[in-house]
2 protein chains.
Amino acid sequence: MSINKRPLILVTNDDGITSLGIKTLVELMTQLGEVVVVAPNSPQSGMGHAITVGEPLRLYKTDIFENVDEYECSGTPVDCVKLARHYVLKERHIDLVVSGINHGSNSSINVLYSGTMSAAIEGAVEGIPAIGFSLCDFKEDAYFDHAREAILQITKQAMLHGIPAGTALNVNIPAYDGKPLNGIKVCRQADAKWGESFEQRTDPQGRNYFWMTGEFMNLDAEKESTDEWALENGYISVVPCHFDLTAYKAISSLSRWDLN
Amino acid sequence: MSINKRPLILVTNDDGITSLGIKTLVELMTQLGEVVVVAPNSPQSGMGHAITVGEPLRLYKTDIFENVDEYECSGTPVDCVKLARHYVLKERHIDLVVSGINHGSNSSINVLYSGTMSAAIEGAVEGIPAIGFSLCDFKEDAYFDHAREAILQITKQAMLHGIPAGTALNVNIPAYDGKPLNGIKVCRQADAKWGESFEQRTDPQGRNYFWMTGEFMNLDAEKESTDEWALENGYISVVPCHFDLTAYKAISSLSRWDLN
């Protein structure tokens with residue numbers, strides 16, 4: 001990016017444009033560049049890489065932030081990135097996409113379900129350096145201030161060094177516990193999953209419905225290199241994520257199958 | 001799986017339980033095992049790895065197929081797999097998850113947006129061998145019969161050899177053009193993206209809305225190893241997909257950043 005020009009930073013999230021997390025992120029990013037916000041007009045948690053198919057999208061200008069060009073969109077986080085890239089900022093070069101700060105962890109397997117991270121990955125698909133930030137505290141009034149300095153540092157380093165092509169950073173930040181953070185660790189995604197259970201209830205019409213609840217299960221034997229270990233030990237985790245899902249190691253074993 | 005027992009096969013999709021693609025897949029799978037269907041009650045194309053958060057799920061028994069235990073669900077394809085695994089089939093061992101047959105391609109970058117493939121990947125997250133089948137023809141009345149033999153062959157081979165742990169197969173089938181298929185190729189995901197454009201219209205109330213349209217762009221230089229090449233040349237493509245998004249090659253370059 002040009003030294004003489006302020007970088008153009010697109011900000012989005014999945015908790016919706018009125019959430020505290022995006023407010024914090026917008027404040028921080030205005031210190032580093034020109035900010036444009038295109039974010040969902042409603043909570044889109046758990047939307048993963050969903051896009052709106054078969055329905056039109058709405059996009060309206062808002063006036064929530066200071067000194068920022070901002071829009072709310074009826075679609076998913078990935079829709080927001082697509083609309084920003086191909087409509088709102090069609091004629092301009094976007095230097096960075098940042099998504100979040102998510103209210104809740106997007107570490108390990110949660111990256112798959114995360115609208116926050118899918119928005120960042122969509123940025124990477126578009127060839128734009130991209131970072132998703134998440135706080136391991138899902139409360140609406142979560143405390144974000146202990147993370148401000150680290151978010152600025154990671155973003156500045158990304159602008160300085162560039163993010164490897166086809167990669168988006170998944171940054172997760174421990175919830176505030178009164179103590180300072182221990183630092184920032186580059187990690188891999190822990191092998192984990194959710195042990196779901198479904199609580200069955202009956203509505204006033206006598207029909208069943210189900211609430212999904214889950215217990216997080218860390219299945220990783222070598223914990224120390226993982227994002228989960230970093231977070232449990234007071235570090236911010238940074239996992240570079242790509243969107244080539246090919247399991248290259250599996251290709252050779254499949255080539256022994258009788259397929260033709 | 002036990003030789004003496006018919007394998008238990010979970011079938012789902014993203015086009016909805018009444019689509020022709022899932023009908024074809026159910027017919028084929030009943031030749032290979034005991035089939036249970038848990039599929040969305042409405043079209044869920046483009047839902048990616050979305051899950052239903054903050055709303056309850058509905059699940060009702062249906063009677064669409066023959067000799068099959070079947071349920072329609074109000075949620076996403078991934079919700080269907082979770083409900084099947086942790087509620088409907090909680091006490092049983094699922095031998096295989098198959099998803100599809102999708103009306104439309106899920107090759108290359110489309111795997112990210114695909115509810116069909118996300119359902120299969122969710123199966124892999126649960127440790128169940130999983131395959132997503134897609135036909136490169138999005139028409140409601142698409143012709144599936146030319147693919148029947150290959151779908152059976154791939155599924156039988158998967159049952160015989162097993163699918164590498166943490167991997168789901170992304171199988172795409174060329175649309176029928178009157179000629180027989182050229183065979184089945186194990187491939188990697190092509191580097192591709194959508195060059196979106198947004199068509200702006202005005203509703204009767206004078207407000208803007210946007211239709212997303214897109215042009216598929218294959219960016220891959222080394223085409224011959226890719227799923228796109230296979231499909232363009234009349235082959236069925238099989239890409240093993242994993243859910244560890246870590247870009248391992250990027251970790252070393254990030255370790256040079258000044259983060260602490």
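Heavy-atom basis, side chains included; hydrogens, waters and symmetry copies ignored. No experiment lies behind these values; they were computed from the predicted model shown. Every chain is numbered from 1 and lettered A, B, ... according to where its sequence line falls, protein lines coming before strand lines.
Heavy atoms of A:T52 lying under 4.5 Å from chain B belong exclusively to its backbone. For B:S114, no part sits under 4.5 Å from any heavy atom of chain A, backbone or side chain. Only the side chain of B:P164 comes within contact range of chain A, judged by heavy atoms closer than 4.5 Å. For B:N170, no part lies near chain A; criterion is any non-hydrogen pair under 4.5 Å. Of the atoms belonging to B:E122, it is side-chain heavy atoms, and not backbone ones, that fall under 4.5 Å from chain A. With a 4.5 angstrom heavy-atom cutoff, B:I154 touches chain A via backbone and side-chain atoms both. Only the side chain of B:M212 comes within less than 4.5 Å of a heavy atom in chain A; its backbone stays farther off. If you measure heavy-atom distances from B:A158 to chain A, the contacts under 4.5 Å come from both the backbone and the side chain. With a 4.5 angstrom heavy-atom cutoff, B:L160 does not touch chain A via any of its atoms. Heavy-atom distances place the side chain of B:N260, and not its backbone, under 4.5 Å from chain A. In this structure, the portion of B:V186 lying under 4.5 Å from any heavy atom of chain A is its side chain and not its backbone.
Residue-environment remark: NZ (A:K139) stays at or below the threshold of 12 foreign heavy atoms within 6.0 Å. The environment of B:F138 atom CZ is sparse: at most 12 non-hydrogen atoms of other residues, nucleotides or ligands sit within 6.0 angstrom.
Considering only heavy-atom pairs separated by less than 4.5 Å from chain B, the leading option among A:N182, A:D227, A:L219, A:D203 is A:D203. Contact count versus chain A (heavy atoms, under 4.5 Å) is highest, among B:E199, B:H161, B:M47, B:Q153, for B:H161. Top candidate by heavy-atom pairs under 4.5 Å with chain B, chosen from A:C241, A:G48, A:S255, is A:C241. In terms of heavy-atom pairs under 4.5 angstrom with chain B, the leader among A:L57, A:V53, A:I121 is A:L57. Per-residue counts of heavy-atom pairs under 4.5 Å with chain B were compared for A:K193, A:Q189, A:R256; the largest is that of A:Q189. Listed options B:V238, B:I51, B:T167 were ranked by heavy-atom pairs under 4.5 angstrom with chain A; first place goes to B:I51. Put simply, of A:D191, A:I163, A:N208, the one with the most heavy-atom pairs under 4.5 Å next to chain B is A:N208. Ranking B:F243, B:Y209, B:W257 against chain A, the residue ahead of the rest is B:W257, based on heavy-atom pairs under 4.5 Å.
Between B:P56 and A:W211, the closest side-chain pair of non-hydrogen atoms falls below 4.5 Å. Within the 4.5 Å cutoff, the side chain of B:V239 has no heavy atoms near those of the A:L245 side chain. Considering only heavy atoms from C-beta on, B:L112 stays 4.5 Å or farther from A:V78 through its side chain. Here the side chains of A:F198 and B:K90 are not in contact, with every heavy-atom distance at 4.5 Å or above.
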Can B:Y60 and A:R207 be said to form a side-chain contact (heavy atoms from CB on, under 4.5 Å), step by step? CA-CA 10 Å; B:Y60 297 112; A:R207 297 178 308 179; 3.8 Å; yes
Decide yes or no on side-chain contact (heavy atoms from CB on, under 4.5 Å) for A:L169 and B:L254, but give the supporting numbers first. CA-CA 10 Å; A:L169 303 187; B:L254 290 186; 3.7 Å; yes
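Panel note: side chain B:Q157, backbone A:D258; a donor-acceptor pair is recorded below 3.5 Å. Under a 3.5 Å cut-off, the side chain of B:E196 and the backbone N or O of A:R85 do not form any donor-acceptor pair. With hydrogens and angles disregarded, no donor-acceptor distance shorter than 3.5 Å links the side chain of A:R188 to the backbone of B:Y248.
Side-chain contact of A:Y87 with B:Q200: a donor-acceptor pair under 3.5 Å is present, judged by distance alone.
Between B:H242 atom NE2 and A:K249 atom NZ the span is 9.5 Å, to the nearest 0.5 Å. One finds the OG atom of A:S108 at 10.5 Å from the CG atom of B:D244 (value rounded to the nearest 0.5 Å).
The two residues A:C187 and B:I251 come nearest to each other via the heavy atoms O-CD1, 3.7 Å.
Ring orientation note: the planes of B:Y113 and A:H49 are nearly perpendicular, at an angle over 60° on the 30°/60° scale.
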